[in-house]
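Below is one structure, written out as structure tokens; comments come after it.
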Amino acid sequence: MSLQTFVDRVRARLAELTGLPPEEVRLETPRDASLGDLAFPCFPLARSMRQAPPKIAADLAERLGDLPEVEGRAVGPYLNFTIDRGALARTVVGAVLEQGEAYGGSDEGAGKTIVIDLSSPNIAKPMSVGHLRSTVIGAALQRIFDALGYRTVGINHIGDWGSQFGKLVAAIDRWGDTVDLESDPIKALLALYVRYHEEEANDHSLEEEARAAFRELESGEEGEVRRTWRRITELSLREFDKLYERLNVRFDEVRGESFYEPYLDSTVERIQAAGVTKVSEGALVVDLTSLDPNMPPCLLRKSDGTTLYATRDLAAALHRWELYEFHRALYVVGGEQRLHFRQLKGVLHRMGLDWESRMEHVDFGMLRLPEGKMSTRKGRVVFLDDVLDRAAEEARRIIAEKNPDLADADAIAEQVGIGAVIFNDLKRERIKDVEFVWEEVLTFEGETGPYVQYTHARLASILRKAAAEGGVDEGAADLARLADAAPILARLGRFPDVLRSAGEHAEPSEITQYLLALCREVNSWYAEHRVLGVEAPLSAARLLLIRASKSVVANGLRLLGLAAPEEM
RNA sequence: GCGCCCGUAGCUCAGGUGGAUAGAGCAUCGGAUUUCUAAUCCGACGGUCCCAGGUUCGAGUCCUGGCGGGCGCGCCA
């Protein structure tokens, strides 16, 4: 039994009275909770019934008859319904506590696979805060779809291939002895890369060396170039893993672009066989103007014969379809690559592969610094591990100030600091551009991750205290007395809808926004009501409310990738 | 130039399939702690929903055209 039971009950009766098919009875939530739990606007009926909406609402209210546990009342042009407070509390608290960690989820995804392409950093470069977005959004989506019963495959499509590795190999060749590749490999590689770009301008022999190196890499030859490339990859992945561990992110597959290297020739052949390629200015391309006259062609092979990003992404898409026959394939990649994904889908479409419609570009806005777009090469960049370090440090400082006796203060500071960073990134609609402002990331008050974690810790604290005082007989709880918490109960009951919608839209911010609203209501209630030290039936009922609220807050935090500390 | 995305309070953002008085946080000002964590709560202040048309009983929401900002546009990824 869930909230939906009451909705269905109201809908069925209204369908009966109005003659509308049940699925066309539109029920909404009143703006003001005191008006009721459900609302039926009567405007659309005015034309066919040739009556004023308030009259229709009044008549319907009159003829409503007896609806178990639901009361209807006409208010102007609306027919509002209020669910009996005891029934609401029994239903919601029952479902939440019974299902525990599973509450909110469903089995809608049973038998379906969703492939998620996330994070995808480039090796040999430090991860900046810019990489946080894809990582954190993708990881949240994966957990959301897990909860909805899908089989999910999270793939980290590492950028470990392409002509820039020719440049890097050439740079190591020339100046590798001048840097320390062991102690801080990524910084050393970055220095080499920057130096390459500086000297390339004056010394054109560098360009040729880089091209030759990449050609050798693509040829598959097991030589010096490949050994160097492999070493770069290993050093980089080791550094990345430290960050992923802190962010609590794991992948089912880590497959760099290089993984698809053996598939490139057959991919190009397959596209050629489909008869959609042509040679243009020496390059092999797929023309896409038949799909959209404004769309530029997709390049498969450069005039020197090497492949491009798009070629490798096409190989990956074909490979993934063969492996998983996915229900959806999500690419959590910045919005600046919209054209690239339209082209990919366009090529597959022209090849007659209708499953391309299951591929979705989950695009997100760009992260920029107040000084402008980030640029690793220009040194205008904020590194991700610095952000995590400073956030944890700030959390530690606040704990020392507010809760100096806290056990495990360091571990909790890490949870809270990183929670602040992750939540901040998931807070707004993913399509919005974000300006990185230190002060905002390091704020733990208001609409922040720590605010939600703090709410959880306070609820946990009540439960601890109740247990310490000898426990409460929950069987004696009088749930009808939770009327003053009806908005919270209605909110808890809506969690499954929020989860479904967040999955459908691939939008984790629907969950952050939900949690903020829930915590606001819980904190407000908390300030005005006492759980312990009131009559037993009331106290027991409130304790159940606290347990249910804590459970849902914890579920939400877990889905987003945040810890839910019991104390902080 | 062409295409895509965004535009809501001083700032950062919410506003399911068009519906009731457009809501939060931050900032500013004023309050609340002998009792379950004040990383909290309560109140005040703050709005030409970018502009102009259109559709509709009804538009922040849908359509058209502007304006402003961002991103992208063949051998980078």
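All values derive from a computational prediction rather than experimental measurement.
- The separation between Leu339(A) atom CG and C2(B) atom P is 17 Å, rounded to whole Å.
- Comparing C42(B), A20(B), C36(B) by their nearest atom to the side chain of Ser524(A) picks out C42(B).
- For Arg73(A) and Phe81(A), the positive end is not near the middle of the six-membered ring at less than 6.0 Å and at most 45° from its axis.
- For A39(B), one of the phosphate oxygens OP1 or OP2 lies less than 4.0 angstrom from a side-chain nitrogen or oxygen of Tyr454(A).
- Within 4.0 Å of Glu567(A), counting heavy atoms only, lies at least one base atom of the nucleic acid.
- Taking atom C1' on both G15(B) and U21(B), the two are 15 Å apart, rounded to the nearest angstrom.
- Among the protein residues, Phe43(A) comes within range of the nucleic acid bases, having at least one heavy atom under 4.0 Å from a base atom.
- Using bins of under 30°, 30° to 60° and over 60° for the plane-to-plane angle, the ring pair His340(A)/Tyr309(A) lands in the parallel bin.
- Rounded to whole angstrom, the span from the NZ atom of Lys432(A) across to the P atom of C6(B) amounts to 8 Å.
- Between the CD atom of Glu401(A) and the P atom of U40(B) there is a distance of 13 Å, rounded to whole Å.
- A20(B) makes up no base pair with any nucleotide shown, lacking Watson-Crick or G-U wobble contacts both under 3.5 Å.
- The distance between the ring centers of His157(A) and Tyr260(A) falls below 6.0 angstrom.
- Both tests do not hold together for Arg211(A) against Phe214(A): distance to the six-membered ring centre under 6.0 Å, angle to the ring axis within 45°.
- At the phosphate of A77(B), OP1 or OP2 sits under 4.0 Å from a side-chain N or O atom of Ser163(A).
- G54(B): glycosidic angle beyond 90° from 0, hence anti.
- Of the candidates C41(B), U12(B), G23(B), G23(B) carries the atom nearest the Arg31(A) side chain, counting heavy atoms from C-beta on.
- The partner of C71(B) is G3(B), by the rule that a Watson-Crick or G-U pair needs both atom distances under 3.5 Å.
- Comparing Ala527(A) and Phe40(A) against RNA chain B, the residue whose closest nucleotide sits nearer the 5' end is Phe40(A).
- If you measure from atom CD of Glu528(A) to atom P of G43(B), you get 9 Å, rounded to the nearest angstrom.
- When the C1' atom is compared between C4(B) and C57(B), the two are found 36 Å apart, to the nearest whole Å.
- Residue Lys125(A) is out of contact with every strand shown, counting any heavy-atom pair closer than 4.0 Å.
- One interatomic measurement links the two molecules: CZ of Arg530(A) to P of U33(B), which rounds to 14 Å at whole-angstrom precision.
- Among A38(B), A14(B), C75(B), the nucleotide with an atom closest to any side-chain atom of Lys302(A) is C75(B).
- Asp363(A) comes within 4.0 angstrom of no nucleic acid atom, judged by non-hydrogen atoms across all strands.
- For the pair Leu299(A) CG and C73(B) P, the interatomic distance rounds to 12 Å; values are reported in whole Å.
- Residue Arg458(A) places at least one side-chain N or O closer than 4.0 Å to OP1 or OP2 of A38(B).
- Nucleotide G60(B) is shown with an anti base, its glycosidic torsion being more than 90° from 0.
- Counting non-hydrogen atoms under 4.0 angstrom, Lys402(A) reaches a base of the nucleic acid.
- Residue Tyr451(A) has a polar side-chain atom (N or O) positioned under 4.0 Å from OP1 or OP2 of C41(B).
- Pairing partner, U40(B): A32(B), with both Watson-Crick or wobble hydrogen-bond distances short of 3.5 Å.
- Out of C5(B), A77(B), C36(B), the shortest distance to the side chain of Ile431(A) is found at C5(B).
- No engagement by Pro77(A) is indicated, since no non-hydrogen atom pair under 4.0 Å with the nucleic acid exists.
- If you take atom C1' in A27(B) and the same atom in C45(B), they sit 11 Å apart, rounded to whole Å.
- Of the two residues contacting RNA chain B, namely Arg342(A) and Ala39(A), the nearest-nucleotide position lying further toward the 5' end is that of Arg342(A).
- No side-chain N or O of Tyr331(A) forms a donor-acceptor pair with one of Asp313(A) less than 3.5 Å apart.
- Panel note: side chain Ser119(A), backbone Thr135(A); no donor-acceptor pair is recorded below 3.5 Å.
- With a cut-off of 3.5 Å on both Watson-Crick or G-U wobble distances, the partner of C76(B) is given as none.
- Across the strands present, G65(B) finds its partner in C51(B); the criterion is a Watson-Crick or G-U wobble pair with both atom distances under 3.5 angstrom.
- Side chain of Asn424(A) to main chain of Ala420(A): no donor-acceptor pair is present (N/O by atom type, distance under 3.5 Å, no hydrogens or angles).
- Within the nucleic acid shown, Gly162(A) comes within 4.0 Å of sugar-phosphate atoms alone, with no base atom in reach, counting heavy atoms only.
- As rounded to the nearest Å, C49(B) and A14(B) have C1' atoms that lie 13 Å from one another.
- Nucleic acid contact class of Met295(A) (heavy atoms, under 4.0 Å, all strands): none.
- A donor-acceptor distance shorter than 3.5 angstrom exists from the side chain of Thr443(A) to the backbone of Glu439(A), with no hydrogens or angles considered.
- Per the geometry, CG belonging to Asn294(A) stands 11 Å off C1' belonging to G1(B), to the nearest Å.
- Rounded to the nearest Å, the gap between the C1' atom of U48(B) and that of A22(B) is 14 Å.
- Of the side-chain N and O atoms in Arg368(A), one or more sit less than 4.0 angstrom from OP1 or OP2 of C71(B).
- Within the 4.0 angstrom heavy-atom criterion, base atoms lie near Val416(A).
- Within the 4.0 angstrom heavy-atom criterion, no nucleotide atom of any strand lies near Ile158(A).
- Residue contacts for Arg312(A): at a heavy-atom cut-off of 4.0 Å it reaches the sugar-phosphate backbone alone, with no base atom in range.
- In terms of phosphate contacts, Lys373(A) brings no side-chain nitrogen or oxygen within less than 4.0 Å of OP1 or OP2 of G69(B).
- Judged purely by atom type and a 3.5 angstrom limit, Arg396(A) has no side-chain atom pairing as donor or acceptor with the backbone of Glu414(A).
- In this structure, the CG atom of Leu35(A) is 11 Å from the P atom of U21(B), given to the nearest Å.
- G23(B) and C42(B) have their P atoms separated by 16 Å, with the value rounded to a whole Å.
- Below the 3.5 angstrom threshold, one finds no donor paired with an acceptor across the side chain of Asn523(A) and the base of A38(B).
- Here Leu459(A) lies out of heavy-atom contact (under 4.0 Å) with every strand.
- Rounded to whole Å, the separation between the C1' atoms of U33(B) and U28(B) comes to 24 Å.
- Only the P atoms considered, U12(B) is 14 Å distant from G70(B), to the nearest whole Å.
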Q.
Run the side chain to side chain contact (heavy atoms under 4.5 Å, CB included) test on Val254(A) and Phe259(A) for me, step by step, so that the C-alpha distance in whole Å, both residues' side-chain angles and the decisive distance to 0.1 Å come before the verdict.
A. CA-CA 9 Å; Val254(A) 177; Phe259(A) 173 87; over 6 Å; no

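- Heavy atoms of Ala283(A) sit under 4.0 angstrom from at least one base atom.
- In this structure, Pro296(A) reaches the sugar-phosphate backbone alone: every heavy-atom distance under 4.0 Å involves primed, P, OP1 or OP2 atoms, never a base.
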